[in-house]
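Before we start, here is the structure in question, set down as structure tokens.
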There are 2 protein chains.
Amino acid sequence: MKQINIKDLAKSLGISKSTVSRAFRDNSDIKPETKVRILAAAEELGYRPNLYASNLRGAKGKTIAIIIPEFGNNFFSQAIKGIEEQARAKGYYTLIFVTDDDVEKESTFIKELCNGRVEGVLMSASGEGKKHNYLRLLKERNIPLVFFDRYYEDVEAPVVTGNDYESSYAATKHLLDLGCKRPAYLVVDKNISIGKIRMQGYCDALKDAGIDMLQELIIECGNDKGQIYRVLKKSFAKLRPDGIFASVERLAMPMIRICHEEQVAIPEQLKIICFSCLEFADMLNPALSTVQQPAMEMGRTAAQILFELLQGNRKDDEPQIILLPSKLIPQKSTIG
Amino acid sequence: MKQINIKDLAKSLGISKSTVSRAFRDNSDIKPETKVRILAAAEELGYRPNLYASNLRGAKGKTIAIIIPEFGNNFFSQAIKGIEEQARAKGYYTLIFVTDDDVEKESTFIKELCNGRVEGVLMSASGEGKKHNYLRLLKERNIPLVFFDRYYEDVEAPVVTGNDYESSYAATKHLLDLGCKRPAYLVVDKNISIGKIRMQGYCDALKDAGIDMLQELIIECGNDKGQIYRVLKKSFAKLRPDGIFASVERLAMPMIRICHEEQVAIPEQLKIICFSCLEFADMLNPALSTVQQPAMEMGRTAAQILFELLQGNRKDDEPQIILLPSKLIPQKSTIG
DNA sequence: CTGTTAGCGCGTTCAC
DNA sequence: GTGAACGCGCTAACAG
């Protein structure tokens, strides 16, 4: 069946196209009864104004993009949920892009988006902190960008993220206070902004406690599941840390698994704490101590800022960084 | 800064618009050097063909919609990941819609989508099995629909789902084989297709084992977190089942929590098994027996079918139901 | 190979 | 309150 257009509808009602058009625009002069009649006929015949034609004429697509490095972990699921909620409330659509931690893909996505498909972009960065010229494209097209969680330091845009430094410091101190002498830090990639900041918290906590930081106890695990497991297994055997602070949940879980395999007692022989948004952290074996980020709120806040930008209620040129506090939740994996 | 358009670019190069247009279309006759020159200039000036104008001209938006009842659980996260992957490979964009289990919202979304925003729809149904006229709108506009996981029986469209009946039968039998005499079935809503089918498996397994099914052991828990907890707490106290088969993970977790609170030994006093895609089910306390659905594959398969439909490689009028087998993974929560 | 011309479906001036 | 005419940015058909 052919999609019916405005002309068809106008003809079938014996009126002109513009009158029909007016019936669908809120603020136009049109006799109420005519409007009702038109809308009824539209419903009847299944007419809907063509999206592309309307947009071409100047209207916006009411769409925003969410670009994230990975999908299927709790943090991003919840953040998206927060974004979704805000977008829906504003009548916006959300397009989702997953980079798989690949900056190239990120760049490709951004370039693609510059054709007007979206009005704004919410992004959690996939790479490290330098040389992100492709993000200038957005600015050139007046497409506002808001970072959430992971951001680029060299890009001027609002950022909503966690108080990662403080939480990492606190998590490390938590381990030290409980008697750890050789706590290790697990990170996917030392050079990615978020891993770096969290590492700084770890390092400073050690320093302030008067403990020498050992480079080897900063363990870079990479992204591949098999690789993570192998690196952890080997590192643990070699280094025998007595505490683990994992920058992401994905690294803590295999560590726990390895402890089970090797009969290492948690927390007696090894205390573990990690960043995590797992809803069931307290039901793990052992219940896992976590630094819990307010993921949903982060998404929500970032979306709010984006919409302020979109509506012109916020100045673009005063970039800002908003830190949302995480919560340290001690459980058996550290306190026994 | 004003977005540059095709006319500007043509003028600045001293050529015609159509030549520029051709440079961006793959199969057009154009001198290679001219093409290179145009693309270079485009890059230089930051020109990108306007999406809406192209689409208006007849091209498609290369966008599909994913409509799901809820977000932030593992099943849907993974299913979306599977869909994403396929869509990306085909150069398609994915728009995500979350209904919060509200059929009204579902209906609204579908109606919105009929303006040409998407070429196809992947949906996991939010309501029960009858009266879904709004889905006819899609058919009228030749927008193909593919269900995944949850579907409507009265709507003619391909379905990709799990072998829920068999798995539920197997899960229940698993409990019975281990000695359960009074296994309860936990469900969000008895009338939703997926809850119904799983219940059938439960009922039939009981019947085949010669055990009388007690209506009261079929526990409807609803959707609200607090409510679920209260219902479970009360039902457990009253009914004292010796086994639990939960149709979704969301219901099993609070049940375990209640067991912890009330010092009920799992699996000795209560054996628990549930549908779940939790990656860490084996690391829970106790390790949780699950029926694991191939979520990602389900998303992938549904997307593949949608794209076949879109490319005309598959007949729309031979709706089909594809059952992807789930895996029963026994853990400590049942076998000890 | 390239330029010219004519719409795609709609919203927005203007007139009336 | 309504209709006629124009153009948004682009692509396809047709000439050359």
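Numbers restart at 1 for each chain; the letters A, B, ... are given by sequence-line order, proteins then strands.
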Is it the case that the base of D:dG3 and the side chain of A:Arg22 share a donor-acceptor contact (distance under 3.5 Å, atom types as modelled)?
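Such a pair is found, so the answer is yes.
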Calculate the interatomic distance between A:Glu33 atom CD and D:dT2 atom C1'; express it in whole Å.
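The answer, rounded to whole Å, is 13 Å.
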So B:Tyr152 and B:His132, would you call those rings parallel, tilted or perpendicular, with 30° and 60° as cut-offs?
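Judged by the thresholds at 30° and 60°, the geometry between B:Tyr152 and B:His132 is parallel.
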Check this one for me: any side-chain N or O of B:Arg25 less than 4.0 Å away from OP1 or OP2 of D:dA12?
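Looking at the OP1 and OP2 atoms of D:dA12, one of them is under 4.0 Å from a side-chain N or O of B:Arg25.
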Name the closest nucleotide to the B:Ser21 side chain, picking from D:dT11, C:dG9, D:dT2.
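Output: D:dT11.
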Side chain of A:Asn50 only, please: which of D:dT11, C:dG9, C:dG3 is the nearest?
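For A:Asn50, the side-chain atoms sit closest to C:dG9.
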Look at all strands and tell whether A:Pro32 reaches a base, only sugar-phosphate, or nothing, counting heavy atoms closer than 4.0 Å.
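It contacts nothing in the nucleic acid.
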For B:Lys17 and C:dC8, what is the distance between atoms NZ and C1' respectively, to the nearest whole Å?
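Distance, rounded to whole Å: 13 Å.
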Please determine, for the side chain of B:Ile15, which listed nucleotide (D:dC10, C:dG3, C:dC10) has the closest atom?
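Closest nucleotide to the B:Ile15 side chain: C:dG3.
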Figure out the CG/P separation between A:Asp8 and C:dG9, and round it to whole Å.
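Value for this atom pair: 9 Å.
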To the nearest angstrom, how far is B:Arg57 atom CZ from C:dC8 atom C1'?
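Taking CZ of B:Arg57 and C1' of C:dC8, I get 5 Å after rounding.
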On DNA chain D, does the nearest nucleotide to A:Lys35 precede the nearest nucleotide to B:Pro49 from the 5' side, or the other way round? Give the residue.
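Looking at the nearest nucleotide for each, A:Lys35 comes out on the 5' side.
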Going by an N to O cut-off under 4.0 Å, is there a salt bridge joining B:Glu70 and B:Arg150?
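Result for this pair is yes, salt bridge flagged.
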In whole Å, I'd like the distance from the CG atom of A:Leu51 to the P atom of C:dC8.
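The distance from CG of A:Leu51 to P of C:dC8 comes to 18 Å, rounded to the nearest Å.
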From A:Gln86, A:Glu119, A:Glu84, residue fulfilling side-chain hydrogen bond (donor to acceptor under 3.5 Å, both in side chains) relative to A:Tyr92:
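Exactly one option meets the side-chain hydrogen bond (donor to acceptor under 3.5 Å, both in side chains) with A:Tyr92, and it is A:Glu119.
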Look at A:Ser16 and D:dA4 and indicate whether a side-chain polar atom (N or O) is within less than 4.0 Å of OP1 or OP2.
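So the side-chain polar atoms of A:Ser16 never come under 4.0 Å of the phosphate oxygens OP1 or OP2 of D:dA4.
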Spell out yes or no: do the side chain of A:Arg48 and the base of C:dG9 have one donor N/O and one acceptor N/O closer than 3.5 Å?
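Not at all, since no donor on one side and acceptor on the other fall under 3.5 Å apart.
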Please indicate whether A:Glu104 has more than 12 foreign heavy atoms, meaning atoms of other residues, nucleotides or ligands, lying under 6.0 Å from its CD.
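Check fails, neighbour count at 12 or below.
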Would you please confirm or rule out a distance under 4.0 Å between OP1 or OP2 of C:dT2 and any side-chain N or O of B:Thr34?
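Affirmative; the distance criterion is met.
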In whole Å, I'd like the distance from the CZ atom of B:Phe24 to the P atom of D:dA12.
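That distance rounds to 14 Å.
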Take the protein atom NZ of B:Lys11 and the nucleotide atom P of C:dT2, then report the distance between them rounded to whole Å.
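Computing the B:Lys11:NZ to C:dT2:P distance gives 21 Å.
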Between B:Ser18 and C:dT2, is there a side-chain N or O to OP1/OP2 distance below 4.0 Å?
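No, because none of the side-chain N or O atoms of B:Ser18 sits under 4.0 Å from OP1 or OP2 of C:dT2.
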DNA chain C: 5'-proximal contact among B:Lys31 and B:Ala53 (nearest heavy atom):
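Upstream on the strand: B:Lys31.
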Looking at B:Asp100 and A:Lys81, is there a salt bridge between them, counting it only when a charged N and a carboxylate O are closer than 4.0 Å?
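The answer is no: the pair does not qualify as a salt bridge.
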Indicate whether OP1 or OP2 belonging to D:dT11 is found under 4.0 Å from a side-chain N or O atom of B:Tyr52.
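The answer is no; no side-chain N or O of B:Tyr52 sits under 4.0 Å from OP1 or OP2.
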For residues B:Ile68 and B:Phe76, report the shortest heavy-atom separation together with the two atoms involved.
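So the minimum-distance heavy-atom pair works out to CG2-CD2, 3.7 Å.
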Nearest-Å distance for atom pair CG/C1', residues A:Leu56 and D:dC8
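In whole Å, D:dC8 C1' lies 4 Å from A:Leu56 CG.
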